[in-house]
Undergrad: 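Sharing a structure here in structure tokens format.
Note that these values count all heavy atoms, side chains included, but never hydrogens, waters or copies made by symmetry. Computed from a prediction, not measured in an experiment: that's the story for all the values here.
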Amino acid sequence: MTESDGRDSTEDGVLTQSFLDQVGSRIRLLRTGRDMTVQQLADQAQVSRRLLTQIEHGQANPSLVAVTRIARSLGTDFTELLSDTVPGEAAIEAIPADEHLLVWTSPAGSTAHLLVSTPGVRAADLWSWVLEPGDSYGGMPDPQGSFELFHVTSGELTLTADDEVATIAAGESARLRSDRAYRYVNNGSVPTVFLRTVALAR
């Protein structure tokens with residue numbers, strides 16, 4: 001990761017402005033509520049002070065890794081930075097399709113939508129991904145003991161972690177130990193569509 005843009009060499013694409021607008025103000029609110037200076041949070045999250053200031057004002061496009069580091073330095077997870085994801089008191093809450101948040105896009109046209117999430121100790125989130133042919137996404141390790149779960153609905157998804165490579169066909173599912181560097185790849189000729197659930201260890 002470089003201090004100039006907060007991007008990691010294993011992560012492709014960009015976070016969307018709508019996502020950054022929501023998380024930026026929330027990061028500032030949480031930081032000031034914890035009596036942390038911009039420099040203190042930047043040091044803990046391993047990002048530059050300039051980048052953190054830009055993120056808080058929605059003026060930078062960091063990596064998802066950088067946003068996750070900032071969230072963890074605040075004692076939370078990046079999905080909890082979305083203030084409108086806090087569950088209400090109802091036993092069942094329907095999430096309209098127009099509230100699915102486009103979080104990540106790539107130059108090839110790949111997308112990642114956050115469909116629904118739950119904050120707190122048992123935090124979990126459900127994603128819908130479309131990975132275009134020849135495109136990929138890579139991430140840095142999650143906390144020790146974390147997992148990602150996948151279900152491919154069309155195309156083929158290739159997962160890599162450590163020295164292991166596995167291709168998941170449509171209709172198949174997979175479990176990935178995400179406490180290490182990993183990558184999703186579409187080596188096929190058609191878009192790969194899949195659901196992903198993240199289970200971070202606490």
Undergrad: For the pair Arg50 and Thr53, evaluate side-chain contact (heavy atoms from CB on, under 4.5 Å) and give the outcome as yes or no after the intermediate values.
TA: CA-CA 5 Å; Arg50 177 174 176 270; Thr53 299; 5.9 Å; no
Undergrad: Answer yes if Trp104 and Val23 sit in the same cluster of Ile, Leu, Val, Met, Phe, Trp and Tyr residues linked by side chain heavy atoms under 4.5 Å apart, and no otherwise.
TA: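 Result: yes, single cluster for both.
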Undergrad: Ignoring hydrogens, what is the shortest heavy-atom contact between Ile55 and Pro62? Give both atom names and the distance.
TA: CD1-CG, 3.6 Å
Undergrad: How long is the straight-line distance from OG of Ser178 back to CZ of Arg196, given to the nearest 0.5 Å?
TA: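 These two atoms lie 8.5 Å from each other.
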Undergrad: Do you know which two heavy atoms are closest between Gly171 and His151, and how far apart they sit?
TA: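 Minimum heavy-atom separation between Gly171 and His151: O-CE1, 3.6 Å.
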Undergrad: Which residues pass the salt bridge (charged side-chain N to carboxylate O under 4.0 Å, His left out) test with Asp163, sequence neighbours left out?
TA: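 Salt bridge (charged side-chain N to carboxylate O under 4.0 Å, His left out) check on Asp163 returns nothing, list empty.
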Undergrad: Just jot down the salt bridge (charged side-chain N to carboxylate O under 4.0 Å, His left out) partners of Glu132, sequence neighbours excluded, or say none.
TA: none
Undergrad: So, taking the atom named CG in Leu30 and the one named OG in Ser73, what distance separates them when rounded to the nearest 0.5 Å?
TA: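 Reported value, rounded in 0.5 Å steps: 12.0 Å.
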Undergrad: In chain order, what residues pass the side chain to side chain contact (heavy atoms under 4.5 Å, CB included) check against Asp179, with sequence neighbours excluded?
TA: Gln144, Arg177
Undergrad: If we ignore hydrogens and angles and just use 3.5 Å, is the side chain of Glu56 paired with the main-chain N or O of Arg31 as donor and acceptor?
TA: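 Between the backbone of Arg31 and the side chain of Glu56 there is no qualifying donor-acceptor contact (under 3.5 Å).
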Undergrad: Considering all heavy atoms of both residues, which atom of Pro96 and which atom of Ala94 are nearest to each other, and what is their separation?
TA: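 Heavy atoms only, the tightest pair is CD-O, 3.5 Å.
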Undergrad: For the CZ atom on Arg175, are there more than 12 heavy atoms of other groups (residues, nucleotides or ligands in this structure) within a distance under 6.0 Å?
TA: no
Undergrad: State which residues pass ring pair (Phe, Tyr, Trp, His ring centres under 6.0 Å) with Tyr184; sequence neighbours excluded, sorted by chain then number.
TA: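 For Tyr184, the residues satisfying ring pair (Phe, Tyr, Trp, His ring centres under 6.0 Å) (neighbours in sequence not counted) are Trp129, Tyr137, Phe150, Tyr182, Phe194.
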Undergrad: What pairs with His113 under side chain to side chain donor-acceptor pair (under 3.5 Å), at least two apart in sequence or on another chain?
TA: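 Scan of His113 (side chain to side chain donor-acceptor pair (under 3.5 Å), adjacent residues dropped) gives none.
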Undergrad: Can you tell if the side chain of Leu115 reaches within under 4.5 Å of the side chain of Leu195, non-hydrogen atoms only?
TA: yes
Undergrad: Starting at CG of Leu126, measure out to NE2 of His100 and round the result to the nearest 0.5 Å.
TA: 8.5 Å
Undergrad: Do the side chain of Thr192 and the main chain of Glu156 share a donor and acceptor less than 3.5 angstrom apart?
TA: yes
Undergrad: With a 4.5 Å cut-off on side-chain heavy atoms, are Leu41 and Ile27 touching?
TA: yes
Undergrad: Which value, rounded to the nearest 0.5 Å, describes the distance between Arg26 atom CZ and Asp21 atom CG?
TA: 15.5 Å
Undergrad: Could you check if a side-chain atom of Phe19 sits within less than 4.5 angstrom of a side-chain atom of Leu101, using non-hydrogen atoms only?
TA: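 Of all side-chain heavy-atom pairs linking Leu101 with Phe19, at least one is under 4.5 Å.
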Undergrad: Do Pro133 and Ser189 have side-chain heavy atoms sitting under 4.5 Å apart?
TA: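 Side-chain contact under 4.5 Å: no.
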Undergrad: Compare all side-chain heavy atoms of Thr158 with those of Arg183 and state whether any distance is below 4.5 angstrom.
TA: no
Undergrad: Look up atom OG in Ser136 and atom CG in Leu131, then write down how far apart they are to the nearest 0.5 Å.
TA: 7.0 Å
Undergrad: Between Gln54 and Leu51, does the side-chain contact (heavy atoms from CB on, under 4.5 Å) criterion hold? Intermediate values first, please.
TA: CA-CA 5 Å; Gln54 292 176 330; Leu51 175 64; 4.3 Å; yes
Undergrad: Taking atom CD of Gln59 and atom CG of Leu20, what is their separation to the nearest 0.5 Å?
TA: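 The CD atom of Gln59 sits 11.0 Å away from the CG atom of Leu20.
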Undergrad: On a heavy-atom basis, which atom in Leu159 and which in Ala174 lie closest, and how many Å separate them?
TA: CD1-CB, 4.0 Å
Undergrad: In sequence, state the C-alpha distance, the side-chain angles, and the governing distance for Asn186 and Asp135, and then conclude on side-chain contact (heavy atoms from CB on, under 4.5 Å).
TA: CA-CA 6 Å; Asn186 180 358; Asp135 208 1; 5.5 Å; no
Undergrad: So Leu74 and Gln44, side-chain contact (heavy atoms from CB on, under 4.5 Å) or not? Walk me through it.
TA: CA-CA 9 Å; Leu74 289 166; Gln44 288 190 29; over 6 Å; no
Undergrad: Which heavy-atom pair separates Glu172 from Thr167 by the least distance, and what is that distance?
TA: OE1-O, 4.2 Å
Undergrad: Quick check: is Leu102 connected to Val130 through a chain of hydrophobic side chains (ILVMFWY, heavy atoms under 4.5 Å apart)?
TA: no
Undergrad: Hydrogens and angles aside, do Asp125 and Ser117 bring a side-chain donor and acceptor to less than 3.5 Å of each other?
TA: no
Undergrad: Grab the two heavy atoms, one from Val185 and one from Asn187, that are nearest each other, plus how far apart they are.
TA: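 Result for this residue pair: CG1-OD1, 3.2 Å.
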Undergrad: Suppose we screen for side chain to side chain donor-acceptor pair (under 3.5 Å). Which residues come up paired with Glu164, at least two apart in sequence or across chains?
TA: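 Not a single residue meets the side chain to side chain donor-acceptor pair (under 3.5 Å) criterion with Glu164.
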Undergrad: How about Arg28: does its CZ atom have over 12 heavy atoms from other parts shown lying under 6.0 Å from it?
TA: no
